[in-house]
Every structure is written in C-alpha cells, then in structure tokens.
Amino acid sequence: MSFPKGFLWGGAVAAHQLEGAWNVDGRGPSICDVLTGGAHGVKREITDGVIDGLNYPNQRGINYYRTFRDDDALFQKMGFKCFRTSISWSRIFPNGDDEEPNEAGLKFYDALFRDYRAKGMEPVITLSHFEMPLNLARQGGFTNRKAIDCFVRFATTVMERYKDLVKYWLTFNEVNNQMEMHTEIFPYTNSGIIPNPKDTPHEVERKVWQAIHNEFVASALVVRKGHEINPDFRIGCMLAMVPIYPATCKPDDVMHAEVLMRDRLLFGDTYVYGEYPHYLLNRWKREGFDIEMEPGDAEIIRNGTVDFISISYYMSAAVSAEAVGDWDGHGLPGQVRNPYIQATDWGWQIDPVGLRYVLCTLYERYRKPIFIVENGIGMYETPDADGYVADDARIAYLRSHIEQVGKAIDLDGVDVMGYTVWGCIDVISFGTGEMKKRYGMIYVDADDYGHGSYRRTFKKSFNWYRKVIASNGEQL
C-alpha cells in the first residue's frame with residue numbers, strides 16, 4: 001500500500017474523557033460533568049447539577065490534566081505524527097457567556113500544545129466535543145441564538161492564542177449524532193439541549209433542528225474568522241459516518257436506506273456546499289418546521305465552507321423497510337442485524353469494507369480531503385500481573401480497517417489526510433461512561449468508579465501500531 005508522504009498517523013481523545021480536574025484552576029462545570037456512569041443497556045442519566053453519592057466518571061477522566069507530559073511521551077514512543085484532542089470550553093469560559101477568558105485554562109493548553117510540538121506531534125484540535133459549559137445549556141444550549149456568539153468568542157480566543165501552535169481545527173464533533181433526536185444523550189451532548197419531559201416529539205425535533213441551524217451559522221463564522229487569523233489554518237467539519245445498507249435488494253429497502261442516509265449527509269452537504277440541500281428544505285416544509293433564521297444567515301453559511309471532511313468510523317448498519325413498524329424511537333427505524341459481519345460486545349457491527357465505502361462515497365460527493373479522526377474498538381480486557389494485555393482482536397480490527405484505507409487511496413484515488421486511533425489510551429467511554437469499555441493501546445489501571453492505581457502499561461497493540469507508523473502503513 002502507498003500511504004502518502006506526510007500522512008498523519010496518530011491517536012485521538014477528547015478533553016472530557018481524559019483530562020479530569022473538572023473544578024480546578026477556574027474551570028466551570030460542563031454538560032458532561034453531570035452525566036452519570038452507565039453500562040451496556042443502562043443509559044447515562046443527565047442530572048440537575050452534581051448530586052452527592054452519584055458516579056460522574058467524566059469529572060475524573062484519567063487525570064491527564066496532571067499527567068499529560070508523561071502520557072505524551074508514550075504517544076511519542078509510538079511514533080505519533082499528530083494527536084487529536086479538544087479544548088474544554090468551560091476551562092476557557094467557565095460559564096460560557098463570560099466576557100473574559102480564564103487565563104489559567106489558556107495557560108494549560110499553551111503547555112499542552114507546546115508539549116505536542118516538542119514531541120513531534122501535530123495538534124488536531126476540536127473546538128466543541130460535548131463540552132458546552134453547563135450554564136449555557138441551562139439557557140437552552142444551541143436552541144438559543146446567544147450560543148452562537150458565545151461559541152464564536154470562545155473559538156476566536158483560542159485560535160488567536162494558539163495560531164502558531166495549531167494548524168488543524170474541527171468545529172463540532174460528530175454533529176450528526178443528534179439526528180437520533182429522541183435518544184436524549186445526543187441532542188444534549190451535541191447541542192446542550194436539556195431534556196424536558198413536557199416536550200412533545202414534534203417540539204423535541206423542532207429544538208434539534210433549530211440548534212442545528214444555529215451550529216451551521218456558528219461553524220461558518222468560525223471558519224471565516226479562523227482564516228482571517230491565520231490563512232494557513234485548515235478547518236474541517238466532523239461527521240459520524242455509519243453507512244446504512246439495505247437489508248435486501250428489494251427496492252423498498254434500497255430507498256429506505258437512501259432516505260435514512262440523508263440524516264448523515266445533510267451535514268456534509270451544508271458544510272461543503274454552503275447551502276441547505278433541497279431534500280432538507282422539503283422535509284422541514286413537509287413536517288411543519290419553521291426554523292428561525294436571521295437575515296444574512298444564508299450568506300454566512302455560504303461563505304464559511306470547510307477545508308476538509310473529518311470522520312469517525314466504527315460500524316455499518318442494515319435496515320429493512322418492513323421492520324420500521326417495530327421501531328421504538330431509538331436508533332435507526334427498521335434496523336436489522338447484518339448476518340454477514342460480526343459485532344462487538346456492545347453490538348457495534350464490525351465492517352472494515354464499510355470504511356472504504358464511506359471514503360469513496362464522501363470523496364466523490366464532496367471532492368475534499370478526508371481525515372479519519374476516529375476508528376477503534378471497545379473491548380473488555382483483563383491484564384496480566386505486569387499490566388500487559390494481549391489485545392490481538394484490536395490488532396485484527398485496526399489492521400483490517402487500515403487495509404481498507406490503503407485500498408481507498410490506491411485503488412479509488414481518495415485523498416486521505418491521516419488516521420487517528422480513537423481512545424489510543426484507555427479513557428472514559430462517551431456512550432456508557434465506563435472504563436471497562438477499553439479502546440486504548442495503553443492500559444490504564446482504573447475501574448468504572450475511579451478505583452485503581454491509574455498506572456499506564458503497554459498492550460500488545462502498542463508495538464504493533466508503532467511499527468505501522470514507522471513503516472508508513474507498509475507493515476500491518
């Protein structure tokens with residue numbers, strides 16, 4: 001395989017899943033700080049403030065706020081060319097609507113990004129990765145147009161501060177997750193929409209659509225501002241890509257999959273082309289949504305298109321039109337198990353070829369470079385007495401996916417910028433709040449309740465991935 005020279009191999013995390021230190025050095029509470037721990041089949045609860053006696057895993061993370069230099073040295077040892085993380089919004093603006101930033105928070109990221117560069121890693125920075133200040137969520141999150149100004153102020157502050165340290169920026173992480181509008185955690189973490197049991201299903205959807213419009217405006221403003229601050233910035237969107245296959249070649253299944261896939265693609269369509277696709281405008285009209293827009297919004301969106309597409313990829317899905325009647329309002333209507341592929345312990349269907357399919361689809365649709373900023377597998381793992389984990393299943397998963405990336409580059413001509421393994425060090429799982437759902441190539445000795453030494457040890461995949469990077473993808 002011929003991965004291009006300068007290909008950005010690395011790892012990816014998010015501030016709320018590893019930093020900890022949730023209430024020190026002036027940081028304010030974020031929306032993830034009031035998410036309780038859950039498990040597979042046990043949803044995380046959103047509480048009204050911090051309640052004594054409940055388990056809030058994101059408040060702990062893995063203590064990276066204090067250990068980052070040592071952890072970064074491990075990433076350097078693996079040979080990372082880049083490292084993706086996020087800036088905790090409430091560490092910079094504790095309430096979200098503060099007039100002045102928190103200097104202690106800015107100094108932390110000064111030190112962090114300088115450490116990445118000193119260790120040969122290009123920072124790849126997400127501006128909004130489920131870390132809205134809780135105060136803004138209590139004011140409606142992105143349903144409130146005020147959030148646009150607050151986000152632009154935050155983004156402008158950090159882009160100006162780190163204009164010589166950071167080149168690659170992402171605006172909103174996995175912004176299309178919230179198309180599962182009735183699974184509360186997604187509108188909450190994407191847009192700061194606190195669930196209201198009094199809301200009708202139509203009102204829930206109206207709020208999400210309004211937040212999505214406001215986020216498109218905010219993203220476009222940030223792209224324009226970023227290019228003014230430093231014309232060399234490369235600013236992208238971030239989409240959660242789950243290719244949706246028809247369960248059969250029955251035309252109804254094919255059309256059902258096509259329509260559902262629009263919930264993934266409408267975001268890329270708008271970010272890249274700078275206007276809402278006709279199918280979305282028709283849907284709003286058909287379903288009775290009158291989205292509040294201000295004069296000039298359309299022009300802002302048109303003039304703030306992204307430089308590249310970044311994606312997460314973990315799995316594919318299959319749907320049947322006949323199974324729609326069994327839908328419970330969560331997940332995809334009509335989703336069925338794909339009998340041709342295996343699944344993880346959490347039910348995520350393992351489909352390496354789907355990654356190549358996604359890369360081809362997106363590149364032909366948008367003609368923009370693509371950065372794979374999340375790919376990995378969560379597993380139950382038990383280390384030996386020395387902390388070593390022989391994670392052969394993870395190596396097999398990553399190898400099979402990287403092979404498909406190579407095919408997309410070699411055979412299909414896709415312009416792929418880089419590949420970062422998600423959760424390269426064990427972190428708090430976003431969906432479940434667990435530590436035992438482990439993605440890392442570095443084991444962290446901690447359980448779901450914060451017990452353990454937090455000692456870091458290498459898994460088998462650590463040296464495997466080091467060789468992959470050193471050979472630029474030739475040795476898999």
From CA spacing to verdict: side-chain contact (heavy atoms from CB on, under 4.5 Å), Arg161, Lys107: CA-CA 10 Å; Arg161 179 85 171 212; Lys107 286 181 176 178; 3.9 Å; yes
Value rounded to 0.5 Å, distance of CZ in Phe172 from CZ in Phe130: 12.0 Å
Residues Thr432 and Arg44: side-chain donor-acceptor under 3.5 angstrom: no
For Asp384, all residues meeting side-chain contact (heavy atoms from CB on, under 4.5 Å), sequence neighbours excluded: Asp386, Tyr388
Qualifying salt bridge (charged side-chain N to carboxylate O under 4.0 Å, His left out) pairs with a residue from residues 8-21, counting only residues at least two apart or across chains: Glu19-Arg91
Euclidean distance, Ile229 CD1 relative to Thr156 OG1, rounded to 0.5 Å: 5.5 Å
Ala343 to Gly347 - nearest heavy-atom pair and separation: CB-C, 4.0 Å
Parallel, tilted or perpendicular: ring planes of Phe75 versus Phe80, cut at 30 and 60 degrees: parallel
Residues forming a salt bridge (charged side-chain N to carboxylate O under 4.0 Å, His left out) with Asp98, sequence neighbours excluded: none
Which residues share a side-chain contact (heavy atoms from CB on, under 4.5 Å) with Thr305, sequence neighbours left out: none
All ring-ring contact (aromatic ring centres under 6.0 Å, His included) counterparts of Tyr245, not counting sequence neighbours: Tyr357
Nearest heavy-atom neighbours spanning Tyr439 and Gly378: CE2-N, 3.2 Å
Stepwise salt bridge (Lys or Arg N to Asp or Glu O under 4.0 Å) test for Lys146 and Asp97: CA-CA 9 Å; Lys146 171 184 175 180; Asp97 54 4; 2.9 Å; yes
Any donor-acceptor pair under 3.5 Å from Ser312 side chain to Glu374 backbone: no
Thr126 and Asn173 side chains, donor-acceptor separation under 3.5 Å: no
Sub-6.0 Å ring centroid separation between Phe430 and Trp422: no
Arg138 and Asn95 side chains, donor-acceptor separation under 3.5 Å: no
Any side-chain donor near an acceptor of the partner, Thr171 and Ser219, under 3.5 Å: yes
Check against side-chain contact (heavy atoms from CB on, under 4.5 Å), Asn338 and Asp351: CA-CA 10 Å; Asn338 185 336; Asp351 180 12; 5.6 Å; no
Exam field: side chain Asn55 to backbone Thr36, donor-acceptor pair closer than 3.5 Å: no
Ser461-Asp391 side chain donor-acceptor pair, cut-off 3.5 Å: yes
Residue pair Asn375 / Tyr419, side-chain donor-acceptor N/O under 3.5 Å: yes
Distance-only side-chain donor-acceptor flag, Tyr116 / Glu122, under 3.5 Å: no
Inter-residue atom distance Ile309.CD1 - Leu239.CG, 0.5 Å rounding: 5.5 Å
Backbone of Gln404 reached by a side-chain donor or acceptor of Arg356 within 3.5 Å: no
Non-neighbouring partners of Glu364 that pass side-chain contact (heavy atoms from CB on, under 4.5 Å), sequence neighbours left out: Arg367
Glu434 side chain to Ser429 side chain, donor-acceptor N/O pair below 3.5 angstrom: no
Residue pairs involving residues 419-429 (criterion salt bridge (charged side-chain N to carboxylate O under 4.0 Å, His left out); sequence neighbours excluded): Asp426-Arg438, Asp426-Lys459
Between Ser86 and Glu131: side-chain donor-acceptor atoms closer than 3.5 Å: yes
Check: Met241 and Thr361 side chains under 4.5 Å, non-hydrogen atoms: no
Heavy-atom donor-acceptor pair, Tyr397 side chain to Pro352 backbone, under 3.5 Å: no
Inter-residue atom distance Lys437.NZ - Asp345.CG, 0.5 Å rounding: 10.0 Å
Flag, side chain of Asn58 to backbone of His16, donor-acceptor distance under 3.5 Å: yes
Asp149/Arg153 under salt bridge (Lys or Arg N to Asp or Glu O under 4.0 Å): CA gap, chis, key distance, verdict: CA-CA 6 Å; Asp149 294 335; Arg153 181 187 304 122; over 6 Å; no
Side-chain donor-acceptor contact under 3.5 Å, Thr47 with Tyr56: yes
Residue list, ring-ring contact (aromatic ring centres under 6.0 Å, His included) with Phe113, at least two apart or on another chain: Tyr109, Tyr162
Contacts of type side-chain contact (heavy atoms from CB on, under 4.5 Å), residue Ala317, not counting sequence neighbours: Val242, Leu332, Gln335
Aromatic plane relationship, Phe154 with Trp89 - under 30° parallel, 30 to 60° tilted, over 60° perpendicular: parallel
Set of ring-ring contact (aromatic ring centres under 6.0 Å, His included) partners for Tyr271, sequence neighbours left out: Phe216
Pair listing, side chain to side chain donor-acceptor pair (under 3.5 Å) test, anchored in residues 224-240, at least two apart: His227-Asp307
Side chain Asp33, main chain Ser30, donor-acceptor under 3.5 Å: yes
Asn102 side chain vs Phe93 backbone, donor-acceptor pair below 3.5 Å: no
Test item: Gln349 side-chain N/O and Met315 main-chain N/O as donor-acceptor pair under 3.5 Å: no
Step-by-step side-chain contact (heavy atoms from CB on, under 4.5 Å) determination, Val208 to Ile193: CA-CA 8 Å; Val208 174; Ile193 300 174; 4.1 Å; yes
Asn176 (side chain) donor-acceptor with Ala240 (main chain) under 3.5 angstrom: yes
Short side-chain donor-acceptor distance under 3.5 Å, Trp348 and Gln342: no
Salt bridge (charged side-chain N to carboxylate O under 4.0 Å, His left out) contacts in which one or both residues fall within residues 52-77, not counting sequence neighbours: Asp71-Arg456
Rounded distance [0.5 Å steps], CG in Asp115 versus CG in Leu165: 11.5 Å
Within 6.0 angstrom of Lys119 NZ, more than 12 heavy atoms from elsewhere: yes
Main-chain N/O of Gln178 paired with Asn190 side-chain donor or acceptor, under 3.5 Å: yes
Gap separating the CG atom of Leu170 from the CD1 atom of Ile125, nearest 0.5 angstrom: 8.5 Å
Ring geometry between Trp9 and Tyr465 (parallel below 30°, tilted from 30 to 60°, perpendicular above 60°): perpendicular
